[in-house]
Amino acid sequence: PAFAAALRRDAGQLGNLATIDKLLTGGGAVFFGNLSAARDIQAGAKTIHGHEIRDNVFHSPVTIGTGDESKPDPAALRRAYLNTVFQATAHLILGDIDPKAKDQADTRLALASVYTGLLTWAEPPDTIHQRQTITSDRRATRSAVAELDSHDRLVLMGDPGSGKSTFAGFVAMCLAGESHSDAKANLSLLTAPLPDEKGDDEKVRQPWRHGRLLPALVVLRDLAAMGLPNAGQEATAEHLLGFLNRRLTAAGIGDFMPYLRKEWLEDGGLLILDGLDEVMEADVCRKQIKQMVANFAGGFPNCRILVTSRTYAYQKQDWKLPGFDESTLAPFGRGQIRRFVDRWYDYVGQQRGMTTGNARGQAALLKREIEARESLRGLAERPLLLTLMACLHAWHKTSLPDKREDLYHEAVDMLLDWWEKRRIRFDEHGQPVNPQPSLLAWLGVERDDMRRFLNVLAFRAHSRQPELTGTADISQEELRNGLMDLAPKKVDPRQLVEYLGNRSGLLVPHGEAVYTFPHRTFQEYLAACYLTDHQYPRQLATLLRNDWNRWREAVLLAAAKVYRGTSYAVWPLIDALCPLE
């Protein structure tokens, strides 16, 4: 106490030495400094990290306190931390999916209310074509929660829009909610039975044997932007922990960091690293990210780790994490689609003042439409696109647009909004900084010009695709060069690639320097839009006669598109297709 009092008296003479990090006693020595140095204190030590101990006091340029030695109660800090995790994961921002929802008072969806359990492939399909065409395959029999329960080091892979990030947030929310005694989001929700083919609960709950693990969710894109050392330097667990510490400090609970570290070391926890392949400048950061994850895994053997990544990226050898098991998310099956629609309307109905009967009636209508229309079933297998359909259905009150062309027109607009919108980045304290402008604003391109470019891209890709199913590959070079030609100003190619690499929506990254449309439907619709503006109707008729299987859907959609403008416009196409009386 006398020594602390002396430090308080002399604090004004110590310049910028602002805070006491830690006071430890051991082997007769008094230590002021950071925890990394404190680890090396031993009984009778003469030096610490090369600094001399004189008269049982460690002398080193360290930070000291202002005199207030009171510390928050560890239990209160833990509650505050869990509440922070819970608040960060408990809602989906509907505006991220549904731009028109921004005009509503509340754009947030309660994740606990709408989340639908995910399945993984027991035997992943070999090709993207198989993943897109198999809907209810019995190979997809193991839940994502069961995979996480079985593997203490797991990489969960999935295509864009398959629910990887939502699952990461859901797990963190349930663990935080259990420790936080939340009535809705807890381990009971985490282990809730999956839906059967009818959308009802199966008899068996999902397994979870690890109790109330202390969770942390890190978006690796944010960490790579502000938490890694300079290029060429080795990244370690300390960089990850330092990133977490800065986030906690920004939230006012930096004092919890030593307790989090201690619990992870001694009792274990769950570290969730979302978006392994979505870091900016991946070629530069890849090695450091892998070093950091491996270093943390070795130093915290009791802590479980979940990593998410897009499938195509992780299958490349240079992203593989040694010692990690792998699992791949499967598309939604019939029961999952029905469960999601029911929960969506239960929640959205309450938000919009619907009666229970009206909300359930709307859900029944949407389920009936999806099951009756083959074109909708393929879209609904992907959680993101199913959410998109649910948004459209809610706007139209009673049904989705009756005509396919109307549906695709609205869906493409929504996906284009999502793809090109601005992105928010955060500084090391978790505060928004330098919002990345929308792609259109950055390029200086009008929206109509972008749509025409995408129509051309879809037509060319559809024309040259060898297969008659699935989506065509679009090279990064073709996309980049086309956008650079479109932009009225000079654009840095590397920056443009960075812009495109982390965006999902109307175009999604699909492989190393490869992009694709999220579903063949959108590729065919955009190709049809191109054909209505170029040599209509002669080119359409020629393509159809020469390659019926490839162009049938595009011709039908093109006819519907021109008919929407004026019914007269469809007759020239009929004449071109049927030239004889």
Side-chain angles (χ1 to χ4, degrees), residues 91-104 107-111 113-116 118 132 135 158-167 329 331-334 336-349 351-352 362-363 365-421 447 451 454 458 471 503-508 516-526 529 557:
H91 291 88
L92 296 171
I93 306 302
L94 191 57
D96 285 350
I97 302 168
D98 173 4
K100 295 185 181 181
K102 292 177 181 177
D103 296 329
Q104 299 174 9
T107 65
R108 302 191 305 168
L109 283 174
L111 182 55
S113 298
V114 300
Y115 181 81
T116 298
L118 299 174
Q132 289 177 336
T135 57
D159 295 328
S162 60
K164 303 180 299 298
S165 294
T166 301
F167 178 74
L329 288 174
F332 266 4
R334 181 174 183 267
Q336 290 165 294
I337 294 170
R338 294 178 67 86
R339 169 68 62 81
F340 175 86
V341 171
D342 285 336
R343 289 186 169 178
W344 167 271
Y345 265 110
D346 281 347
Y347 180 77
V348 172
Q351 299 299 103
R352 300 188 180 186
Q362 294 296 323
L365 286 173
L366 179 54
K367 288 185 289 187
R368 193 177 306 136
E369 284 195 72
I370 292 172
E371 291 174 5
R373 296 164 64 176
E374 183 178 353
S375 59
L376 297 184
R377 290 200 301 273
L379 298 180
E381 293 171 7
R382 191 167 295 187
L384 172 65
L385 299 184
L386 178 57
T387 305
L388 180 150
M389 279 196 290
C391 290
L392 289 174
H393 191 265
W395 296 343
H396 287 273
K397 306 300 183 185
T398 56
S399 66
L400 291 168
D402 290 332
K403 298 175 181 177
R404 285 194 307 153
E405 193 275 333
D406 291 341
L407 172 66
Y408 300 151
H409 172 76
E410 294 193 20
V412 161
D413 273 352
M414 184 182 293
L415 287 171
L416 180 55
D417 277 333
W418 193 35
W419 182 60
E420 71 87 22
K421 73 175 184 176
R447 185 183 177 90
R451 259 303 302 270
L454 292 171
T471 52
R503 291 170 178 267
S504 293
L506 197 49
L507 279 173
V508 293
T516 188
F517 292 99
H519 194 274
R520 185 177 178 84
T521 291
F522 298 112
Q523 177 179 301
E524 290 173 325
Y525 174 70
L526 291 170
C529 291
L557 289 168

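A363 and V341 get closest at one heavy-atom pair: O-CG1, 3.5 Å. Closest non-hydrogen pair, H519 versus L385, comes out as CB-CD1, 4.4 Å. A411 and L388 make their closest contact through CB-CD2, 3.7 Å (heavy atoms, listed as atom of the first residue, atom of the second, distance). Annotation for G163 and L118: closest pair O-CD1, 3.6 Å, computed over non-hydrogen atoms.
Using a 4.5 Å heavy-atom threshold, the side chains of L379 and F522 count as touching. Residues T166 and P383 have side chains not in contact (no heavy-atom distance under 4.5 Å, counting atoms from C-beta outward). Within the 4.5 Å cutoff, the side chain of H393 has heavy atoms near those of the L365 side chain.
To the nearest 0.5 Å, atoms CD (E369) and CG (L407) are separated by 9.0 Å. Going from atom CZ of R334 over to atom NZ of K367 covers 9.0 Å, rounded to the nearest 0.5 Å. The distance from atom CZ of R338 to atom CG of L366, rounded to the nearest 0.5 Å, is 10.5 Å. One finds the CG atom of L416 at 7.0 Å from the CZ atom of R451 (value rounded to the nearest 0.5 Å). Note: I370 CD1 to E381 CD = 11.0 Å, rounded to the nearest 0.5 Å. One finds the CG atom of L386 at 10.0 Å from the CG atom of L376 (value rounded to the nearest 0.5 Å).
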Are Q351 and L109 close enough, and set up right, to give a side-chain contact (heavy atoms from CB on, under 4.5 Å), and what steps lead you there?
CA-CA 9 Å; Q351 299 299 103; L109 283 174; over 6 Å; no
Give the C-alpha distance, both sets of side-chain angles, the deciding distance and a yes or no for side-chain contact (heavy atoms from CB on, under 4.5 Å) between L392 and M414.
CA-CA 9 Å; L392 289 174; M414 184 182 293; 3.9 Å; yes
Any chance you could lay out the side-chain contact (heavy atoms from CB on, under 4.5 Å) test for D413 and R447, step after step, and finish with the verdict?
CA-CA 10 Å; D413 273 352; R447 185 183 177 90; 3.9 Å; yes
The test is side-chain contact (heavy atoms from CB on, under 4.5 Å); show your working for L454 and L507 and say whether it passes.
CA-CA 9 Å; L454 292 171; L507 279 173; 3.8 Å; yes
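Looking at residues two or more places apart in sequence or on another chain, you find no ring-ring contact (aromatic ring centres under 6.0 Å, His included) involving Y408. For R339, the side-chain contact (heavy atoms from CB on, under 4.5 Å) partners are T116, P195, D201, R343, not counting sequence neighbours.
For the pair Y347 (side chain) and A110 (backbone), a donor-acceptor distance under 3.5 Å is present.
One finds a salt bridge joining E524 and R520 here, because a Lys/Arg side-chain nitrogen approaches an Asp/Glu carboxylate oxygen to under 4.0 Å.
Note: F340 and F332 have tilted aromatic rings, judged against thresholds of 30 and 60 degrees for the angle between ring planes.
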